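Read through the structure below, which is laid out as structure tokens, and then see the notes.
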Amino acid sequence: MDRELKAGLLWGGGILLLALAASQGRKLDWLDSDMVTRLVIGTNGLMIAWYGNRMPKAFLPDACARQVARVGGWSMALSGIIYVGFWAFPPLGPCFACPAALLRE
């Protein structure tokens with residue numbers, strides 16, 4: 001099996017296990033529903049940053065393609081980190097309202 005495929009399957013399985021554990025913690029009153037949402041969505045942001053970090057490391061024979069992969073990797077890594085910060089710190093009301101306002105216009 002390909003190394004990238006294994007990594008993707010591990011990320012997907014890890015997110016599923018985290019979501020199941022967080023919802024079980026919510027049922028046991030260890031976590032509130034906002035924390036469950038922040039954990040799962042924040043983990044998605046970490047996955048985006050991880051894939052952005054992996055992009056420039058892929059073998060590409062052309063120099064121009066390597067530059068494009070480097071720029072794409074940097075933008076994905078930074079957007080993943082910003083995404084995690086966006087879901088980790090502010091109140092959840094604006095987090096849900098902002099994307100809805102962008103889609104409405």
Side-chain angles (χ1 to χ4, degrees):
M1 193 181 309
D2 187 21
R3 185 176 169 190
E4 293 294 323
L5 181 61
K6 283 182 186 178
L9 289 173
L10 283 173
W11 267 107
I15 290 173
L16 283 174
L17 286 175
L18 177 70
L20 289 172
S23 37
Q24 185 65 29
R26 185 177 49 84
K27 287 179 185 174
L28 297 172
D29 286 333
W30 292 347
L31 300 171
D32 62 341
S33 62
D34 288 348
M35 183 55 103
V36 172
T37 303
R38 289 177 193 271
L39 278 173
V40 174
I41 294 179
T43 306
N44 290 336
L46 289 176
M47 182 180 66
I48 292 169
W50 184 79
Y51 274 113
N53 187 36
R54 295 287 307 148
M55 275 180 65
K57 295 175 182 163
F59 175 73
L60 298 170
D62 187 32
C64 186
R66 284 192 297 269
Q67 285 180 326
V68 169
R70 196 174 308 121
V71 169
W74 269 98
S75 58
M76 275 187 68
L78 288 175
S79 67
I81 292 168
I82 291 169
Y83 188 81
V84 169
F86 182 72
W87 283 99
F89 299 114
L92 283 181
C95 292
F96 289 125
C98 185
L102 291 175
L103 290 175
R104 202 175 13 201
E105 293 180 10

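Quantities reported herein were computed from a predicted structural model and do not represent experimental measurements.
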Exercise for the section: Sort and list the pairs that fulfil salt bridge (Lys or Arg N to Asp or Glu O under 4.0 Å) and have at least one residue in residues 49-60, not counting sequence neighbours. Expected result: Glu4-Arg54
Handout entry: Nearest non-hydrogen partners of Pro56 and Gly73, listed with the distance
Key = CD-CA, 4.1 Å
Exercise for the section: Say whether Tyr51 and Leu46 are linked into one hydrophobic cluster, either directly or through other cluster members, by side-chain heavy-atom distances under 4.5 angstrom. Expected result: yes
Problem - Within one Ile-Leu-Val-Met-Phe-Trp-Tyr cluster: Trp11 and Met55, side-chain cutoff 4.5 Å - result: yes
Problem - Straight-line distance of Leu5 CG to Leu10 CG, nearest 0.5 Å - result: 9.5 Å
Practice task
Calculate, to the nearest 0.5 Å, the distance between atoms CH2 and CG belonging to Trp74 and Asn53 respectively.
Solution key: 9.0 Å
Problem - Heavy-atom closest contact (Ala7 atom, Trp50 atom, distance) - result: CB-CH2, 3.3 Å
Practice task
Kindly work out whether a path of hydrophobic side-chain contacts (I/L/V/M/F/W/Y, heavy atoms less than 4.5 Å apart) joins Met47 to Tyr83.
Solution key: no
Problem - Which atom of Ile48 lies closest to which atom of Ser79, heavy atoms considered - result: CG2-OG, 4.1 Å
Exercise for the section: Please round to the nearest 0.5 Å and tell me the distance separating atom OG1 of Thr43 and atom CG of Leu17. Expected result: 11.5 Å
Handout entry: Pairwise side-chain contact, Leu31 with Leu39, heavy-atom cut-off 4.5 Å (strictly under)
Key = yes
Exercise for the section: State the CZ-CG distance between Arg38 and Asp32, to the nearest 0.5 angstrom. Expected result: 8.5 Å
Fill in the blank from the handout: What one should report as the nearest heavy-atom pair of Leu60 and Arg66 is O-NH1, 2.8 Å
